[in-house]
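Heads up: the structure comes next, in C-alpha coordinates.
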Amino acid sequence: MERNQLHRLVALSRQPLFDQGFLDEQFLQLEELQDDANPNFVEEVVTLYYRDSARLILNIEQALERNPLDFNKLDILMHQFKGSSSSIGAKKVKAECTFFRENCRAGNGEGCIRTFQQLKKEYATLRKKLEAYFQLRLHAAPSEKSVAEEEMAGIHLKMFLVSEAL
Amino acid sequence: MEIIPFFSIILFLSSPKNPFLDHTHTHHSGKLEISFMEFGATSRKKNKMVNGNQKFRTEITALVVDDDTTNRTIHRRLLQNLGIENQEVRNGKEAIDIHSSGRNFDLILMDMDMPIMNGIEATKQLRAMGIRSTIVGVSTRSMEEKVQEFMEAGLDDYQEKPLTSAKLISILHKMNHNGSV
(Lines give C-alpha, C1' and ligand atoms only; values in the text may rest on other atoms or scores of the structure.)
Protein backbone atom coordinates (compact mmCIF):
# COMPACT_ATOMS: atom_id res chain seq x y z
CA MET A 1 0.00 0.00 0.00
CA GLU A 2 1.26 3.46 -0.88
CA ARG A 3 2.55 5.60 1.94
CA ASN A 4 0.00 8.36 1.31
CA GLN A 5 -2.81 5.85 1.27
CA LEU A 6 -1.56 4.43 4.55
CA HIS A 7 -1.47 7.85 6.18
CA ARG A 8 -4.91 8.71 4.96
CA LEU A 9 -6.36 5.45 6.16
CA VAL A 10 -4.75 5.85 9.56
CA ALA A 11 -6.31 9.30 9.82
CA LEU A 12 -9.66 7.87 8.77
CA SER A 13 -9.39 5.01 11.24
CA ARG A 14 -9.94 7.38 14.10
CA GLN A 15 -13.09 8.91 12.61
CA PRO A 16 -15.38 6.29 14.25
CA LEU A 17 -14.04 7.39 17.62
CA PHE A 18 -15.53 10.80 16.97
CA ASP A 19 -18.67 9.57 15.24
CA GLN A 20 -19.46 7.13 18.05
CA GLY A 21 -18.93 9.79 20.68
CA PHE A 22 -15.82 8.39 22.34
CA LEU A 23 -13.83 11.53 21.59
CA ASP A 24 -14.73 15.19 21.23
CA GLU A 25 -13.26 18.45 19.92
CA GLN A 26 -10.62 18.58 22.63
CA PHE A 27 -8.83 15.59 21.12
CA LEU A 28 -8.50 17.58 17.90
CA GLN A 29 -6.98 20.44 19.87
CA LEU A 30 -4.32 18.06 21.13
CA GLU A 31 -3.63 16.76 17.63
CA GLU A 32 -3.03 20.29 16.47
CA LEU A 33 -0.25 20.58 19.02
CA GLN A 34 1.71 17.84 17.28
CA ASP A 35 4.56 18.88 15.05
CA ASP A 36 7.97 17.64 13.98
CA ALA A 37 9.42 18.45 17.39
CA ASN A 38 6.50 16.80 19.21
CA PRO A 39 5.28 14.10 16.81
CA ASN A 40 3.70 11.86 19.45
CA PHE A 41 2.29 14.46 21.78
CA VAL A 42 -1.22 13.02 21.83
CA GLU A 43 -0.02 9.51 22.63
CA GLU A 44 2.19 10.92 25.40
CA VAL A 45 -0.67 12.85 26.96
CA VAL A 46 -3.06 9.92 26.73
CA THR A 47 -0.46 7.66 28.34
CA LEU A 48 0.01 10.21 31.09
CA TYR A 49 -3.74 10.43 31.62
CA TYR A 50 -4.17 6.68 32.01
CA ARG A 51 -1.18 6.46 34.30
CA ASP A 52 -2.34 9.23 36.62
CA SER A 53 -6.04 8.47 36.61
CA ALA A 54 -5.35 4.87 37.69
CA ARG A 55 -4.62 6.23 41.14
CA LEU A 56 -7.81 8.31 41.16
CA ILE A 57 -9.87 5.30 40.12
CA LEU A 58 -8.38 3.33 42.98
CA ASN A 59 -9.16 6.11 45.45
CA ILE A 60 -12.75 6.28 44.26
CA GLU A 61 -13.08 2.52 44.48
CA GLN A 62 -11.83 2.57 48.06
CA ALA A 63 -14.10 5.46 48.93
CA LEU A 64 -17.06 3.50 47.54
CA GLU A 65 -16.32 0.67 49.97
CA ARG A 66 -16.78 2.93 52.97
CA ASN A 67 -19.90 2.73 55.05
CA PRO A 68 -21.49 5.20 55.16
CA LEU A 69 -20.40 6.79 51.90
CA ASP A 70 -18.72 10.17 52.07
CA PHE A 71 -20.47 11.82 49.12
CA ASN A 72 -18.54 15.02 49.46
CA LYS A 73 -15.22 13.21 49.19
CA LEU A 74 -16.49 11.18 46.25
CA ASP A 75 -17.62 14.33 44.50
CA ILE A 76 -14.24 15.97 44.97
CA LEU A 77 -12.41 12.91 43.60
CA MET A 78 -14.73 12.71 40.62
CA HIS A 79 -14.37 16.42 39.92
CA GLN A 80 -10.66 15.90 39.51
CA PHE A 81 -11.12 12.84 37.33
CA LYS A 82 -13.63 14.64 35.16
CA GLY A 83 -11.18 17.50 34.68
CA SER A 84 -8.39 15.43 33.24
CA SER A 85 -10.79 13.24 31.24
CA SER A 86 -12.22 16.31 29.57
CA SER A 87 -8.78 17.67 28.78
CA ILE A 88 -8.00 14.67 26.57
CA GLY A 89 -11.43 14.76 24.96
CA ALA A 90 -12.75 11.57 26.56
CA LYS A 91 -16.40 12.34 25.83
CA LYS A 92 -18.18 9.24 27.13
CA VAL A 93 -15.98 9.00 30.21
CA LYS A 94 -16.72 12.64 30.95
CA ALA A 95 -20.46 12.01 30.63
CA GLU A 96 -20.29 9.18 33.16
CA CYS A 97 -18.39 11.48 35.52
CA THR A 98 -21.29 13.93 35.33
CA PHE A 99 -23.83 11.21 36.10
CA PHE A 100 -21.72 10.05 39.01
CA ARG A 101 -21.60 13.55 40.49
CA GLU A 102 -25.36 13.90 40.10
CA ASN A 103 -25.75 10.69 42.09
CA CYS A 104 -23.38 12.05 44.74
CA ARG A 105 -25.39 15.23 45.10
CA ALA A 106 -28.58 13.22 45.36
CA GLY A 107 -26.94 11.03 48.01
CA ASN A 108 -27.68 8.00 45.87
CA GLY A 109 -25.10 5.36 46.82
CA GLU A 110 -26.52 2.66 44.54
CA GLY A 111 -26.49 5.10 41.65
CA CYS A 112 -22.88 6.01 42.35
CA ILE A 113 -21.78 2.40 42.32
CA ARG A 114 -23.68 1.63 39.12
CA THR A 115 -22.39 4.73 37.34
CA PHE A 116 -18.86 3.97 38.42
CA GLN A 117 -19.06 0.49 36.88
CA GLN A 118 -20.20 2.04 33.62
CA LEU A 119 -17.47 4.67 33.84
CA LYS A 120 -14.78 2.04 34.22
CA LYS A 121 -16.13 0.23 31.16
CA GLU A 122 -16.00 3.37 29.04
CA TYR A 123 -12.57 4.20 30.39
CA ALA A 124 -11.25 0.73 29.44
CA THR A 125 -12.93 0.72 26.02
CA LEU A 126 -11.45 4.08 25.12
CA ARG A 127 -8.04 2.93 26.19
CA LYS A 128 -8.19 -0.13 23.92
CA LYS A 129 -9.38 1.90 20.96
CA LEU A 130 -6.74 4.58 21.42
CA GLU A 131 -3.96 2.03 21.87
CA ALA A 132 -5.02 0.37 18.62
CA TYR A 133 -5.02 3.73 16.86
CA PHE A 134 -1.57 4.67 18.17
CA GLN A 135 -0.23 1.29 17.07
CA LEU A 136 -1.51 1.88 13.55
CA ARG A 137 -0.01 5.32 13.54
CA LEU A 138 3.31 3.79 14.49
CA HIS A 139 3.09 1.37 11.59
CA ALA A 140 2.45 4.23 9.21
CA ALA A 141 5.35 6.32 10.48
CA PRO A 142 8.13 6.88 7.98
CA SER A 143 10.94 4.42 8.48
CA GLU A 144 13.22 2.08 6.62
CA LYS A 145 10.55 -0.41 5.81
CA SER A 146 10.82 -3.08 3.24
CA VAL A 147 8.07 -3.48 0.67
CA ALA A 148 6.94 -6.60 2.50
CA GLU A 149 6.71 -4.73 5.81
CA GLU A 150 4.65 -2.02 4.20
CA GLU A 151 2.39 -4.67 2.76
CA MET A 152 1.91 -6.16 6.24
CA ALA A 153 1.16 -2.75 7.68
CA GLY A 154 -1.46 -2.26 5.00
CA ILE A 155 -3.04 -5.62 5.74
CA HIS A 156 -3.11 -4.93 9.48
CA LEU A 157 -4.76 -1.63 8.80
CA LYS A 158 -7.43 -3.18 6.60
CA MET A 159 -8.11 -5.86 9.20
CA PHE A 160 -8.43 -3.23 11.88
CA LEU A 161 -10.84 -1.15 9.81
CA VAL A 162 -12.99 -4.17 9.08
CA SER A 163 -13.06 -5.24 12.71
CA GLU A 164 -14.03 -1.74 13.77
CA ALA A 165 -16.85 -1.68 11.26
CA LEU A 166 -18.39 -4.83 12.67
CA MET B 1 -20.12 15.11 11.83
CA GLU B 2 -16.62 16.48 11.54
CA ILE B 3 -15.82 19.57 13.43
CA ILE B 4 -13.09 21.37 11.58
CA PRO B 5 -11.76 24.32 13.49
CA PHE B 6 -10.69 27.03 11.15
CA PHE B 7 -9.23 30.17 12.57
CA SER B 8 -6.68 32.63 11.49
CA ILE B 9 -5.17 35.05 13.89
CA ILE B 10 -2.45 37.51 13.14
CA LEU B 11 -0.57 39.44 15.75
CA PHE B 12 1.21 42.39 14.37
CA LEU B 13 4.84 43.26 14.46
CA SER B 14 5.89 45.54 17.26
CA SER B 15 6.30 48.55 15.06
CA PRO B 16 5.39 52.21 15.67
CA LYS B 17 2.45 51.70 13.31
CA ASN B 18 1.03 48.94 15.44
CA PRO B 19 -2.20 50.27 16.93
CA PHE B 20 -2.40 47.52 19.53
CA LEU B 21 0.84 48.16 21.30
CA ASP B 22 1.03 50.88 23.84
CA HIS B 23 4.62 52.01 23.75
CA THR B 24 4.27 54.08 26.86
CA HIS B 25 3.63 50.92 28.82
CA THR B 26 6.67 49.26 30.25
CA HIS B 27 6.04 45.74 31.29
CA HIS B 28 7.68 44.77 34.52
CA SER B 29 10.04 42.43 32.75
CA GLY B 30 10.99 44.84 29.97
CA LYS B 31 9.44 45.46 26.60
CA LEU B 32 6.63 43.16 25.56
CA GLU B 33 7.56 42.14 22.08
CA ILE B 34 5.46 40.02 19.81
CA SER B 35 6.80 39.09 16.41
CA PHE B 36 4.73 38.31 13.42
CA MET B 37 2.78 35.12 13.81
CA GLU B 38 0.34 33.47 11.56
CA PHE B 39 -1.90 30.80 12.82
CA GLY B 40 -3.90 28.57 10.58
CA ALA B 41 -5.75 25.42 11.43
CA THR B 42 -6.68 23.61 8.24
CA SER B 43 -8.87 20.64 7.63
CA ARG B 44 -7.83 17.28 8.93
CA LYS B 45 -7.12 16.12 5.39
CA LYS B 46 -4.01 18.23 5.33
CA ASN B 47 -3.73 17.96 9.08
CA LYS B 48 -0.77 20.20 9.41
CA MET B 49 -0.66 23.39 11.36
CA VAL B 50 1.84 26.09 10.71
CA ASN B 51 4.33 25.56 13.46
CA GLY B 52 4.20 28.57 15.73
CA ASN B 53 7.68 27.82 17.02
CA GLN B 54 9.33 28.43 13.68
CA LYS B 55 8.04 31.93 13.18
CA PHE B 56 7.12 33.05 16.63
CA ARG B 57 9.42 34.47 19.22
CA THR B 58 8.33 36.26 22.32
CA GLU B 59 9.79 37.48 25.58
CA ILE B 60 6.68 36.50 27.50
CA THR B 61 7.17 34.06 30.35
CA ALA B 62 4.45 32.00 31.95
CA LEU B 63 3.83 29.86 35.01
CA VAL B 64 1.41 26.94 35.00
CA VAL B 65 -0.12 26.22 38.40
CA ASP B 66 -2.11 22.96 38.45
CA ASP B 67 -2.14 19.79 40.51
CA ASP B 68 -3.00 17.56 37.56
CA THR B 69 -0.07 16.28 35.50
CA THR B 70 -2.10 15.81 32.33
CA ASN B 71 -3.40 19.38 32.48
CA ARG B 72 0.03 20.81 33.21
CA THR B 73 1.48 18.97 30.24
CA ILE B 74 -1.21 20.22 27.89
CA HIS B 75 -1.04 23.81 29.11
CA ARG B 76 2.73 23.86 28.82
CA ARG B 77 2.59 22.52 25.28
CA LEU B 78 -0.01 25.15 24.37
CA LEU B 79 2.30 27.85 25.71
CA GLN B 80 5.36 26.34 24.04
CA ASN B 81 3.48 26.22 20.76
CA LEU B 82 3.02 29.99 20.99
CA GLY B 83 6.69 30.47 21.73
CA ILE B 84 6.14 31.28 25.39
CA GLU B 85 8.84 30.16 27.80
CA ASN B 86 7.12 28.45 30.72
CA GLN B 87 7.49 26.64 34.01
CA GLU B 88 5.16 24.58 36.16
CA VAL B 89 4.31 24.13 39.81
CA ARG B 90 1.83 21.74 41.38
CA ASN B 91 -0.15 23.88 43.81
CA GLY B 92 -0.71 27.35 45.20
CA LYS B 93 1.97 27.03 47.84
CA GLU B 94 4.63 26.18 45.25
CA ALA B 95 3.45 29.18 43.23
CA ILE B 96 4.06 31.42 46.23
CA ASP B 97 7.44 29.83 46.91
CA ILE B 98 8.72 30.26 43.37
CA HIS B 99 7.85 33.96 43.55
CA SER B 100 9.43 34.29 46.98
CA SER B 101 12.62 32.92 45.48
CA GLY B 102 12.66 35.89 43.16
CA ARG B 103 11.24 34.40 39.96
CA ASN B 104 8.70 36.45 38.09
CA PHE B 105 6.36 35.73 35.20
CA ASP B 106 4.31 37.80 32.79
CA LEU B 107 1.47 35.32 32.80
CA ILE B 108 0.20 32.89 35.44
CA LEU B 109 -2.32 30.19 34.56
CA MET B 110 -3.93 29.39 37.90
CA ASP B 111 -6.04 26.30 38.52
CA MET B 112 -8.71 26.67 41.20
CA ASP B 113 -8.86 23.34 42.99
CA MET B 114 -5.50 22.24 44.31
CA PRO B 115 -4.31 20.59 47.51
CA ILE B 116 -2.26 22.41 50.17
CA MET B 117 -3.20 25.83 48.81
CA ASN B 118 -5.93 26.43 46.23
CA GLY B 119 -6.02 28.99 43.41
CA ILE B 120 -8.15 31.52 45.26
CA GLU B 121 -5.82 31.64 48.24
CA ALA B 122 -2.70 31.67 46.07
CA THR B 123 -4.03 34.55 43.95
CA LYS B 124 -4.82 36.58 47.07
CA GLN B 125 -1.35 36.00 48.46
CA LEU B 126 0.42 36.82 45.22
CA ARG B 127 -1.46 40.11 44.97
CA ALA B 128 -0.68 40.82 48.60
CA MET B 129 2.99 40.23 47.79
CA GLY B 130 2.70 42.92 45.14
CA ILE B 131 2.81 40.59 42.16
CA ARG B 132 1.34 42.42 39.17
CA SER B 133 1.55 39.60 36.64
CA THR B 134 -1.46 38.73 34.53
CA ILE B 135 -3.18 35.97 36.48
CA VAL B 136 -5.74 33.94 34.58
CA GLY B 137 -7.92 31.53 36.49
CA VAL B 138 -8.41 28.23 34.70
CA SER B 139 -10.98 25.82 36.04
CA THR B 140 -13.86 23.50 35.31
CA ARG B 141 -15.96 25.17 37.98
CA SER B 142 -19.24 26.31 36.53
CA MET B 143 -20.82 27.69 39.71
CA GLU B 144 -21.16 31.45 39.48
CA GLU B 145 -20.28 32.14 43.12
CA LYS B 146 -17.01 30.24 42.99
CA VAL B 147 -15.95 31.97 39.79
CA GLN B 148 -16.91 35.32 41.31
CA GLU B 149 -14.88 34.54 44.42
CA PHE B 150 -11.94 33.56 42.23
CA MET B 151 -12.15 36.78 40.23
CA GLU B 152 -12.36 38.84 43.39
CA ALA B 153 -9.19 37.21 44.70
CA GLY B 154 -7.37 39.23 42.05
CA LEU B 155 -7.65 37.54 38.68
CA ASP B 156 -7.31 39.47 35.46
CA ASP B 157 -9.29 36.93 33.51
CA TYR B 158 -10.98 33.56 33.83
CA GLN B 159 -11.12 30.74 31.30
CA GLU B 160 -13.01 27.49 31.48
CA LYS B 161 -11.09 24.27 31.06
CA PRO B 162 -10.07 22.70 28.86
CA LEU B 163 -7.71 25.38 27.63
CA THR B 164 -7.26 25.70 23.88
CA SER B 165 -4.95 27.64 21.60
CA ALA B 166 -7.79 30.02 20.80
CA LYS B 167 -8.42 30.79 24.48
CA LEU B 168 -4.73 31.34 25.07
CA ILE B 169 -4.50 33.69 22.11
CA SER B 170 -7.43 35.71 23.42
CA ILE B 171 -5.59 35.97 26.74
CA LEU B 172 -2.46 37.24 25.00
CA HIS B 173 -4.51 39.72 23.02
CA LYS B 174 -5.96 41.13 26.24
CA MET B 175 -2.52 41.32 27.81
CA ASN B 176 -1.20 43.20 24.85
CA HIS B 177 -4.18 45.51 24.69
CA ASN B 178 -4.60 46.38 28.34
CA GLY B 179 -1.03 46.40 29.46
CA SER B 180 -0.45 45.27 33.02
CA VAL B 181 -2.95 44.37 35.74
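Chain identifiers are assigned alphabetically (A, B, ...) following the order of the sequence lines, protein sequences preceding nucleic acid strands; residue numbering begins at 1 within each chain.
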Practice problem: State whether the number of non-hydrogen atoms from other residues, nucleotides or ligands found under 6.0 Å of B/Gln87 atom CD is greater than 12. | Solution: yes

Self-check item: Hydrophobic cluster membership, B/Met151 vs B/Ile135, 4.5 Å side-chain cutoff
Solution: yes

Quiz prompt | Minimum heavy-atom distance A/Gln29-B/Ser165, with the two atoms named | solution = OE1-N, 3.7 Å

Quiz prompt | Nearest-0.5 Å distance that lies between atom CD1 in A/Ile76 and atom CG in B/Asp113 | solution = 8.5 Å

Exercise. Mark yes or no for whether B/Arg77, through its side chain, and A/Phe41, through its backbone, hold a donor-acceptor pair below 3.5 Å.
Key: no

Quiz prompt | Interatomic distance, A/Ser86 atom OG to B/Glu160 atom CD [nearest 0.5 angstrom] | solution = 9.5 Å

Practice problem: Return the option, out of A/Lys82, A/His79, A/Arg51, A/Glu44, with the maximum number of heavy-atom pairs under 4.5 Å with chain B. | Solution: A/His79

Quiz item: Between A/Asn38 and B/Gln80, does a side chain to side chain contact (heavy atoms under 4.5 Å, CB included) hold up when you go through it step by step?
Solution: CA-CA 11 Å; A/Asn38 304 272; B/Gln80 181 191 53; 3.9 Å; yes

Quiz item: Looking at side-chain heavy atoms only, is the closest gap between A/Gln80 and B/Asp67 below 4.5 Å?
Solution: yes

Quiz item: Which region of B/Leu163, side chain (C-beta onward) or backbone (N, CA, C, O), has a non-hydrogen atom less than 4.5 Å from a non-hydrogen atom of chain A, or is it both or neither?
Solution: backbone

Practice problem: Please check if atom NZ in B/Lys93 has more than 12 non-hydrogen atoms from other residues, nucleotides or ligands closer than 6.0 Å. | Solution: no

Practice problem: Flag yes if A/Phe81 and A/Ile113 sit in one hydrophobic cluster, no otherwise; membership is Ile, Leu, Val, Met, Phe, Trp, Tyr, and two members link when side-chain heavy atoms are under 4.5 Å apart. | Solution: yes

Self-check item: CZ/B/Arg76: more than 12 non-hydrogen atoms of other groups inside 6.0 Å
Solution: yes

Quiz item: Near A/Gln62 CD, under 6.0 Å, is it more than 12 heavy atoms from other residues, nucleotides or ligands?
Solution: yes

Quiz item: Out of curiosity, B/Thr70 OG1 to A/Leu48 CG, how far, rounded to the nearest 0.5 Å?
Solution: 4.5 Å

Exercise. Apply the side-chain contact (heavy atoms from CB on, under 4.5 Å) test between A/Asp52 and each candidate in B/Asn71, B/Thr73, B/Thr69; give the one that qualifies.
Key: B/Thr69

Quiz item: In terms of hydrophobic clusters joined by side-chain contacts under 4.5 Å, are B/Leu126 and B/Ile116 together?
Solution: no

Quiz prompt | A/Phe22 reachable from A/Phe99 in the ILVMFWY side-chain graph, under 4.5 Å edges | solution = no

Self-check item: Value rounded to 0.5 Å, distance of OG in A/Ser84 from NZ in B/Lys161
Solution: 8.5 Å

Quiz item: Could you state the interatomic distance from CD1 (B/Ile74) to CG (A/Leu33), rounded to the nearest 0.5 Å?
Solution: 8.5 Å

